[in-house]
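Reading through the structure tokens given below for one structure.
Naming convention: chains lettered A, B, ... in sequence-line order (proteins, then strands); numbering from 1 in each chain. Any value given below was found using the heavy atoms of this structure, including those in side chains, with hydrogens, waters and symmetry copies removed.
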Protein chains: 2
Amino acid sequence: MGRWEPDSRGRLQEAALALYAERGFDQTTAAQIAARAGLTERTFFRHFADKREVLFAGSGLLQERIVAAVAAAPAGDGPLAAVTCGLDAAATLLGEARRDLARQRHAVIAANPELRERELAKIADYAAAVAAALRARGVAEPSASLAADAGMTVLRVALERWAGEADDRPLADVMRAAVAELRSVAAGP
Amino acid sequence: MGRWEPDSRGRLQEAALALYAERGFDQTTAAQIAARAGLTERTFFRHFADKREVLFAGSGLLQERIVAAVAAAPAGDGPLAAVTCGLDAAATLLGEARRDLARQRHAVIAANPELRERELAKIADYAAAVAAALRARGVAEPSASLAADAGMTVLRVALERWAGEADDRPLADVMRAAVAELRSVAAGP
DNA sequence: TACGCTCATGTCAGCAACTGACGTCACCCT
DNA sequence: AGGGTGACGTCAGTTGCTGACATGAGCGTA
């Protein structure tokens with residue numbers, strides 16, 4: 001047995017989600033999270049840049065998957081079709097997570113403005129990366145940014161419905177329906 | 001003459017923008033801003049909820065104008081057309097500001113992740129308000145959210161180009177061109 | 001076996017972002 | 001004249017976050 005319990009990072013994530021859900025984000029101190037994980041405050045901040053980041057640990061992987069799927073989309077696909085491939089990849093990855101945990105996390109984030117800010121920033125990062133991937137496919141600006149951003153809007157709206165109890169279908173279905181809806185809204189009069 | 005110099009709020013805004021531009025957001029303390037405006041740190045936080053908010057003072061008015069324009073759009077207009085009316089209103093209001101100050105502000109925000117987060121949050125607030133206005137016009141969900149969000153994406157992309165030296169046309173023109181671009185991207189294959 | 005390196009964590013001190021409580025004083029209204 | 005109001009100052013405290021340094025188990029190497 002090692003000097004310390006294993007997976008301190010994971011323990012911090014669990015502790016943080018639990019405490020944020022129990023007492024609220026503002027009422028939770030970094031020291032409390034660390035104590036619950038059997039660690040110190042300083043160690044918390046060595047693993048996560050700030051108190052919010054602990055809820056967004058998987059976002060790097062998600063971004064990689066989305067970008068890879070956009071880059072791998074059929075060569076004939078238009079910008080929005082390529083982005084839709086990225087959305088499928090996102091739905092696949094996110095759909096693997098335990099839905100109750102996803103909902104808890106969603107509720108915590110929705111309840112706090114600072115956390116909503118961070119989530120928006122993450123999604124904006126995805127959008128920037130997707131726009132770059134589209135440019136690599138030969139899409140010019142500002143079409144690339146608009147398509148990428150519109151796609152991430154779909155991701156956000158779909159995720160909101162899926163994790164927010166409003167829609168019981170699998171995430172991939174909610175997502176594809178939202179893409180169709182967007183197309184029809186944009187085509188409309 | 002009053003007990004204090006007038007317009008302390010405005011002085012704080014000027015001082016903050018100047019200091020953020022000179023030394024960077026992180027290297028500027030609230031006490032420094034307050035001192036430059038001839039006030040105390042405590043007074044700064046009475047006027048602005050936090051260090052970032054001082055750069056977003058006009059956002060409430062902008063949101064009101066956008067929402068009012070959406071609500072006042074011709075009855076026959078579809079969701080995206082109504083949102084475009086809101087974008088025109090935004091372009092009008094923002095176009096009145098001194099462009100050099102707008103660019104300075106934009107550069108400061110672009111240079112700092114925390115400030116970008118806040119800006120995204122503000123625009124997301126506009127989107128939520130616009131979506132509500134669309135619902136009041138009879139647009140159902142998720143079309144309302146998608147149209148509102150797509151519109152705010154256009155606002156962001158156009159503002160980025162206009163304030164970021166990439167496009168010298170008047171803001172209203174940049175905005176309308178971006179709407180057209182979005183429509184064509186969404187219509188594409 | 002003994003030595004020394006690495007690296008995750010602990011400890012400690014400190015700054016800066018806020019916040020609450022309370023005092024002060026010009027201005028205004030009656 | 002006198003009392004209320006509102007904008008600001010002062011002070012003390014909590015918390016987020018950081019840098020510098022210490023510690024000790026695991027591990028390779030002599």
Quiz item: Does any non-hydrogen side-chain atom of B:Arg116 lie less than 4.5 Å from one of A:Asp125?
Solution: yes

Quiz prompt | Min side-chain heavy-atom separation A:Glu14-A:Arg36 under 4.5 Å | solution = no

Might you list the N or O atoms of the protein lying below 3.5 Å from N or O atoms in nucleotides 5-9 of chain D, with each pair's distance?
| from | atom 1 | to | atom 2 | distance (Å) |
| --- | --- | --- | --- | --- |
| D:dC8 | OP1 | B:Ser8 | OG | 2.4 |
| D:dC8 | OP2 | B:His47 | NE2 | 2.8 |
| D:dG9 | OP2 | B:Thr40 | N | 3.1 |
| D:dG9 | OP2 | B:Thr40 | OG1 | 2.8 |
| D:dG9 | OP2 | B:Thr43 | OG1 | 2.3 |
| D:dG9 | N7 | B:Arg46 | NH2 | 2.6 |
| D:dG9 | O6 | B:Arg46 | NH1 | 3.1 |
| D:dG9 | O6 | B:Arg46 | NH2 | 3.4 |

Write down the distance between [atom1] ([X]) and [atom2] ([N]), rounded to a whole number of angstrom.
{"X": "A:Phe44", "N": "C:dA8", "atom1": "CZ", "atom2": "C1'", "answer": "17 Å"}
{"X": "A:Phe25", "N": "C:dC18", "atom1": "CZ", "atom2": "P", "answer": "13 Å"}
{"X": "A:Asp26", "N": "D:dT15", "atom1": "CG", "atom2": "P", "answer": "12 Å"}
{"X": "A:Tyr20", "N": "D:dG16", "atom1": "OH", "atom2": "C1'", "answer": "11 Å"}
{"X": "A:Asn112", "N": "D:dG16", "atom1": "CG", "atom2": "P", "answer": "12 Å"}
{"X": "A:Phe48", "N": "C:dT9", "atom1": "CZ", "atom2": "P", "answer": "11 Å"}
{"X": "B:Ile33", "N": "C:dC18", "atom1": "CD1", "atom2": "C1'", "answer": "13 Å"}
{"X": "B:Asp50", "N": "D:dT15", "atom1": "CG", "atom2": "C1'", "answer": "15 Å"}

Quiz item: Just wondering, are more than 12 heavy atoms of other shown residues or ligands nearer than 6.0 Å to CZ in A:Arg65?
Solution: no

Quiz item: Are there more than 12 heavy atoms of other residues, nucleotides or ligands under 6.0 Å from atom CZ of B:Arg176?
Solution: no

Exercise. Only counting residues at least two apart or in another chain, list the ones meeting ring-ring contact (aromatic ring centres under 6.0 Å, His included) with A:Phe48.
Key: A:Phe44

Self-check item: Candidate pair B:Glu141 and B:Ser145, rule side-chain hydrogen bond (donor to acceptor under 3.5 Å, both in side chains), full reasoning
Solution: CA-CA 6 Å; B:Glu141 286 295 355; B:Ser145 287; 2.9 Å; yes

Quiz item: Looking for any heavy atom pair under 4.0 Å, which part of the strands does B:Ala49 touch: base, sugar-phosphate only, or nothing?
Solution: sugar-phosphate

